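Beneath this line is the structure, given in structure tokens, with notes to follow.
Within every chain, numbering begins at 1; the chains are lettered A, B, ... in the order of the sequence lines, protein sequences first and strands thereafter. As the structure is a computational prediction, the values presented were derived from the model and not from experiment.
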Amino acid sequence: MNTVDEHTEHGHHAHGAEEPHIPKDSYFIKVALWLALLTALETSTYWIHLGGFATPALLIMMTIKFFMIIMIFMHLKFDNKLFSLMFYIGLGLAIFVYCVALSTFQFFAS
Amino acid sequence: MALIASPTPTQSLGVFRRPVAATGWRSWVFTVDHKKIGIMYGVVAMFFFLVGGCEALLIRLQLAAPDNTVLSAGLYNEMFTMHATTMVFLFVMPMAAAFANYFLPLQVGARDVAFPRLNALSFWLFLFGGVFLNTSWFLGGAADGGWFMYSPNSSRLFSPSHGIDFWVLGLQIIGIASLVSSINLIVTVLNMRAPGMKLMNMPVFTWMVLVVQFLLLFALPVITVALFLLSFQRNFGAAFFDVDKGADPLLWQHLFWIFGHPEVYIIILPSFGIISEVLPTFARKPLFGYKFVVFSGAAIGFVGWGVWAHHMFASGLGPVSVAVFSVATMLIAIPTGVKICNWTLTLWGGKLWFSTAMMFAIGVIVLFTIGGLSGVTHAVAPADTQQTDTYHIVGHFHYVIVGGAVMGLFAGFYYWWPKVFGKLLNERLGKWNFWLMFFGVNLTFAPMHILGMQGQPRRMVVWPEKLTGEGFFNLQFWNQIATVGSFLIASGVFMFLVNVVVTAKKAEKAPLDPWDARTLEWMTASPPKEHNFDTIPTVHSLDEFFHRKYEEVDTDKGPRLVKVRSAEEVLAAEEAKADAHIHLPSPSYWPIVLAFGLPVIAYGVIYNLLLSVVGAAILLLGIFGWVLEPSVAEDSDYDPPTGESETKELSSVG
Amino acid sequence: MADIAVHESVTSHDDHGPAAHGSITGISNNKLAMWLFLGSECLLFGGLISTYMLYRGRHGSGVGPAQLFDIPLTSVSSFVLLMSSLTMVLAVNAAKRKDDRNTNLWLAVTGLLGALFVGAQVYEFTAFYHEGVGFTTSLFSSSFFTLTGFHGVHVSIGVIMLLAMVAIISRNKVAGDKAEAVEMIGLYWHFVDVVWVVIFTLVYLIPA
Ligand code: HEM
Ligand SMILES: [Cu+2]
């Protein structure tokens, strides 16, 4: 009984020392090109006026960039899920408490 | 202190020598051993408990008679602010850290925490931060804005002394200490468990401490932001709380209480963990509903993030916010109630052994229930508008904090003393200690509910003769009872100190397993060896140690648990398998050097930025020394004193 | 606030070798610690961002964000920081291949790009100051400088770590697992970048 497999507890995918599979340089360069493109689109809203459409569009692009970086550059997609869990708890709590706090100031009403 | 010659220091990387003293003061100052660090945390926290206690007694002396003049109004403000700050940040939290440091690695079957040097860093930061904070008393007066330091009352205009600057920077340093140790302990629990120690095999104390570390991890950065804003305002002229420029005072309140409410659980959960160890041990049966206790602890940790604004009902939040937060707050009562039921059912039908530790644990259940019930009444917003900022609140939260948290810590002292020091605390003095504190708490804090409903405000330096009132509800009588009660508590604490001295003097050693305990920390020598376990135990179940001593045996009355092995035999079996070459992390100079940089920076922020530059230089020196230092000196291997035992695989460093 | 933690993670070898791989979850202590720290940092930056969002409109009759910000300049510096994330990834991959030369090269490039970003920020701050928007001017300015200043300090610490790492690698003084040390700095660096992604959108691009 002393060889109980612990890994299942954390949804771990592999045994002990096994390294996660990390893609090659070319893949990361491709991702960086996409990020650059998104940034270009974001900045273009400064010159091209989208009206009420701008804010949601910007927020969506921001979110995509955010997750591309943490999932791919920071390896969350390939790594042990425990890392994701730890980070997402912090991220989720931050979004939750600060949005609630701002809403008591009627921040989102305006 | 005697300086015993130490072995030659190791030459590492040609540059840095590591300290290797095993005895004398150096063995403490440079230690990275979680047990020594735990003891140091405990000693320093106890000292601050006495400081905070004296402050409380002065407050109560001032309020013992109408229009009293023991303290001036200004000094009174400093007194209650520093009393609260000291008790919360310099006593309860670090005392919980003392227990966590000492027992977490033992309870999960590890040889040390995940980052031993960071652990030492946390301790020194806490000590220096606490000392820094208290030097304000001698440098123009301590902070006087109340422990939640509301803006704009905390601005230069209303508090021109440096007190609040000390408070802000001191808490910042102590905050770093807690943040670092929270990361350290979480990694320890998640990663360093002995084989077979599944999460649901962990002792409840470990679980509760884990929840607390997560709360710290995510709550501390919020107060950090608030403290930065305040110190930028006070020291560098930022506008954050400047109402003239259109600032919103509620910003501080939100930031403070987003941190502050989780803080309440940070204070109480370690004590819950301790009594969840003590009750089953002395009731001689397993904890009732282990899973419920664990899950409700985690649930408290989660829901605790959604209720902070109940501290702000009287500040004009708006009806929707008040209603939402009011209901959310009432929800918290559910998991808390679950715990109380589980503890009570653990006692039910057990063969109770009323040791001092057990009495304190039962005291926690009783006092916490009283405090919790009056707490639920504050969740009802209209009732709270009546009670808030009166002595009623002071009565309520002291029932919870002193009755719930402090009494639980005392249960821990009596329960674990023989493990840490190898001697049993005196039970007779212990009973005195308990009853004095128990009656003292009730005499001090029950009358405060009455005083509050009669309208005596909190934080008020005098109550005037002409408002004293008549008959049963007059202020004079109940204020005096409360003051007498506070001295009863003090004499209870004094009994404890006497007990410590008496116990230190006596020669008699405690038996290895005095309480017939259940968890892994008892499966070690008393006090534990430097490397904790001769061999890392393999865990098969919750209450592993108990199950090694007891086995189910068929008798004519059916299967029964019978003691088949003594603790000594269990331990001997482990020792026979002792690992060779146990790498222990070596002592280091750098944690204390690094930690010392921060208060220097902080003094600089207050007095002269040049000093901050010096502090930063010390900090950098510490960091570089740290980075380039190999963490294990070659000669710090431990080998069991046996003859030709075959060399086993290197054990983990811990 | 607790960037000290980073240093332990970067260089601690308390738990390499048998300990790291023998850990019950099979993951490294250092990496777990780093992710916990980053989770905690979310609440730090969240607080600063919220403070800014609350106060961004409060500048009285003084200069506000719309008149002040130089979007083309900030776009360029944002782009620079974003690309430094790419070079960081390349450094991490090179370290995984045990290719010291390229590791050092990409670490140095990353550090340089980071320094460029900080330089642009210093330029931006002085320009604002000359337009009459100082740290103490208004609620808007205090919260703007605090937020972006905090981020700038994080970047600067990152630059120092990168350059120190280059020095340590070239002198071959890495105690413990080199690839992991580089990866750890990488995590920190990408996080700082990701925070800027948020700041760039919320502070600069979305009109107040
Ligand atoms: C052990 C005996 C203790 C006594 C006799 C005591 C007494 C008091 C008294 C009389 C006050 C009210 C001051 C006022 O409103 O004018 C007070 C305030 C307070 N106490 Fe205690 N206390 C004790 C322990 C503790 C502990 C252990 C904690 C926390 C861990 C604590 C936390 C506080 C807090 C937060 C306040 C509110 C301060 C403020 O209004 O800013 N106390 N205490
Ligand atoms: Cu609360």
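Put simply, CG on B/L217 and CE on A/M86 are 9.0 Å apart, with the number rounded to the nearest 0.5 Å. Rounding to the nearest 0.5 angstrom, the gap separating the CG atom in A/L93 from the CZ atom in B/F302 is 6.0 Å. Rounded to the nearest 0.5 Å, atoms CG (B/L251) and CG (A/L102) are 9.0 Å apart.
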Between A/V100 and B/F325, is the side chain to side chain contact (heavy atoms under 4.5 Å, CB included) condition met? List the steps. CA-CA 11 Å; A/V100 172; B/F325 278 103; 3.7 Å; yes
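At a 4.5 Å heavy-atom cutoff, the contact between B/L255 and chain A is made by side-chain atoms alone. There is no contact between B/V324 and chain A, counting heavy-atom distances below 4.5 Å. Of the atoms belonging to B/I258, it is side-chain heavy atoms, and not backbone ones, that fall under 4.5 Å from chain A.
Taking both residues in full, the closest heavy atoms of A/F96 and B/W305 are given as CE2-O, 3.9 Å, listed atom of the first, atom of the second, then distance.
Between A/F105 and B/H254, the ring centre distance stays below 6.0 Å.
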